[in-house]
Enquirer: 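Questions regarding the structure given below will be posed in turn.
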Amino acid sequence: MRRLLLVAALAGVGCTTIASPTRISPYEYKYFAIDGNGDTTAITFHWPRSMLPIRIFVPDTSVLRPHVATAIQRWQDAFLYGEYRAVIVSDSNQADVIFENNLPPFLRAGIRMDAMAPQCGGATDAPDAATHTVPLPLHSYVYTPLPLTTPGLDACYRITVTHEMGHTIGLLNHSPFSTDVMYSNPLLDGISTNDRETAETAYHVPANAVPTGRR
Amino acid sequence: MRLIHAVVLAGFAVTPLAAQATVQLSAGATYSRPLVDDGILDTKLRLAVAPTVGLAVGIPTGSGPYRALLEGHYSRSRPTVTEGTGVTDELSSVAVIDALLMLEAPIHGGIRARIGGGAIFYQPSERQGVFLNGAAHRWIIAGELFGTRRLTDRMNLLVTGRIDYHEFSTSVLRARGYGGNQSVQRYALSVGVERKF
């Protein structure tokens with residue numbers, strides 16, 4: 001009888017839950033714009049799990065391609081529960097996000113870096129504030145006015161692609177801290193704890209903008 | 001309750017198991033409680049019910065009816081994420097292997113019990129999320145109750161119910177400030193055969 005009780009006791013042994021840390025105050029990641037009624041609106045967006053993995057197109061021959069792969073890995077690794085997953089696709093018609101090594105089109109609404117980094121700059125399409133939608137495909141532009149042989153350009157591309165991809169995952173604003181890759185003029189070649197925790201927060205509060213267009 | 005007891009005993013006709021060397025093969029399924037129950041992000045990570053295979057080698061311990069067994073189980077399933085909103089998603093598969101040293105004793109007739117411990121290993125197919133740093137291993141304790149039915153002089157049929165317990169965490173969770181561990185109970189049912197030597 002004792003043996004039976006011992007075995008049965010295993011069923012109820014221990015009931016501790018892992019202690020999740022509180023996230024430090026994330027920086028502002030919402031996009032503020034004027035909506036259709038002329039009022040200021042705060043837009044939040046994250047990719048729904050039903051759309052994962054997100055399909056990203058960057059031309060095979062683009063100088064951005066290895067940096068896009070690095071940025072995907074960095075942002076995927078920021079999450080604990082697979083909230084964001086992405087793959088590079090070979091057909092731009094199938095893509096949710098397109099990375100271009102060009103200047104953004106004139107007057108296209110975008111989240112742009114406030115100041116261009118020394119060697120390169122970037123911009124990403126903004127959500128549609130009037131309809132609370134994110135029209136697909138999203139475009140990110142990473143460009144340089146300098147020759148491709150300029151020292152430091154490779155690192156600038158890597159940092160800027162990571163920053164622009166941060167906008168495409170739903171960080172629709174800039175960090176006020178220069179130690180974050182989502183700072184308006186980023187220097188960090190990676191993702192900070194602050195960036196990670198802000199992204200986690202963005203993916204665990206309801207989004208009020210939805211992707212539209214493809215799919 | 002007595003009726004259930006009687007049915008169980010009738011199903012597993014008394015098979016005197018004098019302690020002797022045996023090899024056991026089994027197949028079944030394992031259900032696991034959540035590996036992580038994240039109260040802040042309101043997310044649960046659990047393994048789906050997994051097909052499981054097991055191998056055990058039994059070694060007699062003296063002249064009594066007791067014996068020691070080295071036991072191992074292998075299962076593979078995809079972790080399921082469930083968010084507070086009810087949204088669910090599946091991640092890349094994870095293989096779970098446990099290695100146990102068990103002590104076995106008769107309970108009644110063909111019903112026997114085992115208790116022991118060992119280690120459990122999580123081997124993800126992709127470095128991702130809580131398994132970003134790859135494999136993880138933890139200590140585990142386990143208890144089993146099983147019935148035997150004689151097939152031939154050297155072969156028995158086994159039906160086993162197993163409960164085990166470990167405390168889950170990974171280096172990624174610890175690095176990101178997760179304190180303590182998640183209590184994880186697993187429940188397994190299997191059918192197998194035992195070959196005596």
Side-chain angles (χ1 to χ4, degrees), chain A residues 1-26 46-54 72-87 191-208 210, chain B residues 33-45 79 81-85 87-92 105-108 111-115 126-132 141-145 161-170 172-174 176-185 187:
Chain A
M1 192 60 188
R2 277 184 191 167
R3 290 176 197 134
L4 268 176
L5 286 174
L6 196 56
V7 173
L10 279 169
V13 73
C15 265
T16 60
T17 299
I18 202 162
S20 178
T22 51
R23 271 55 181 174
I24 54 171
S25 301
H46 58 71
W47 295 101
R49 283 192 181 266
S50 58
M51 288 185 72
L52 301 181
I54 302 308
I72 289 173
Q73 198 62 54
R74 284 173 168 176
W75 284 111
Q76 284 185 161
D77 292 354
F79 293 97
L80 285 173
Y81 307 114
E83 292 91 330
Y84 176 77
R85 307 191 295 279
V87 291
I191 290 174
S192 67
T193 301
N194 214 19
D195 292 316
R196 173 170 56 74
E197 295 189 349
T198 303
E200 285 182 310
T201 302
Y203 272 73
H204 288 274
V205 297
N208 64 12
V210 292
Chain B
R33 304 272 298 162
L35 299 180
V36 182
D37 184 353
D38 191 322
I40 297 292
L41 298 182
D42 198 12
T43 301
K44 286 182 182 175
L45 178 74
V81 176
T82 307
E83 296 184 349
T85 54
V87 172
T88 61
D89 191 14
E90 282 190 335
L91 306 181
S92 303
I107 296 286
H108 191 285
I111 309 292
R112 298 172 71 88
R114 289 176 193 161
I115 191 159
E126 257 181 60
R127 291 183 173 227
Q128 182 184 62
V130 301
F131 295 109
L132 188 60
I141 55 173
E144 293 176 355
L145 203 57
R162 179 165 53 91
I163 302 167
D164 61 40
Y165 171 87
H166 65 284
E167 299 200 323
F168 182 81
S169 187
T170 65
V172 176
L173 288 166
R174 287 190 294 274
R176 295 192 181 184
Y178 282 73
N181 301 298
Q182 179 78 39
S183 301
V184 181
Q185 290 99 3
Y187 306 90

Enquirer: Would you mind checking which part of B:Asp37 comes under 4.5 Å of any heavy atom in chain A, side chain (CB onward), backbone (N, CA, C, O), both or neither?
Expert: both

Enquirer: Passes side-chain contact (heavy atoms from CB on, under 4.5 Å), B:Gln182 versus A:Thr17? Steps please.
Expert: CA-CA 5 Å; B:Gln182 179 78 39; A:Thr17 299; 3.6 Å; yes

Enquirer: Rounded to the nearest 0.5 Å, what separation is found between the CD1 atom of A:Ile18 and the CZ atom of B:Arg174?
Expert: 8.5 Å

Enquirer: Heavy-atom distance under 4.5 Å between the side chains of A:Arg85 and B:Asp89, does that happen here?
Expert: yes

Enquirer: Where is the tightest heavy-atom contact between B:Arg176 and A:Pro21, given as atom of each residue plus distance?
Expert: O-CG, 3.2 Å

Enquirer: Does B:Arg33 CZ have over 12 foreign heavy atoms under 6.0 Å away?
Expert: no

Enquirer: Chain A: which of B:Val87, B:Thr43, B:Leu45 shares the most heavy-atom pairs with it under 4.5 Å?
Expert: B:Thr43

Enquirer: So which residue, A:Arg196, A:Glu200, A:Gln76, ends up with the most heavy-atom pairs under 4.5 Å with chain B?
Expert: A:Arg196

Enquirer: Can you tell which of B:Asn181, B:Val36, B:Val130 has the highest number of heavy-atom pairs within less than 4.5 Å of chain A?
Expert: B:Asn181

Enquirer: Can you tell which of B:Leu41, B:Thr170, B:Leu173 has the highest number of heavy-atom pairs within less than 4.5 Å of chain A?
Expert: B:Leu41

Enquirer: I would like to know whether B:Ile40 and A:His204 meet side-chain contact (heavy atoms from CB on, under 4.5 Å); could you show each step before the answer?
Expert: CA-CA 9 Å; B:Ile40 297 292; A:His204 288 274; over 6 Å; no

Enquirer: Is the closest side-chain donor-acceptor distance between A:Ser20 and B:Asp38 under 3.5 Å?
Expert: yes

Enquirer: In terms of heavy-atom proximity below 4.5 Å to chain A, should B:Phe168 be classed as side chain, backbone, both, or neither?
Expert: backbone

Enquirer: Identify which part of B:Leu91 has an atom lying under 4.5 Å from any heavy atom of chain A, answering side chain, backbone, both or neither.
Expert: side chain

Enquirer: Could you tell me which portion of A:Tyr81 (side chain, backbone, both or neither) has an atom closer than 4.5 angstrom to a non-hydrogen atom of chain B?
Expert: both

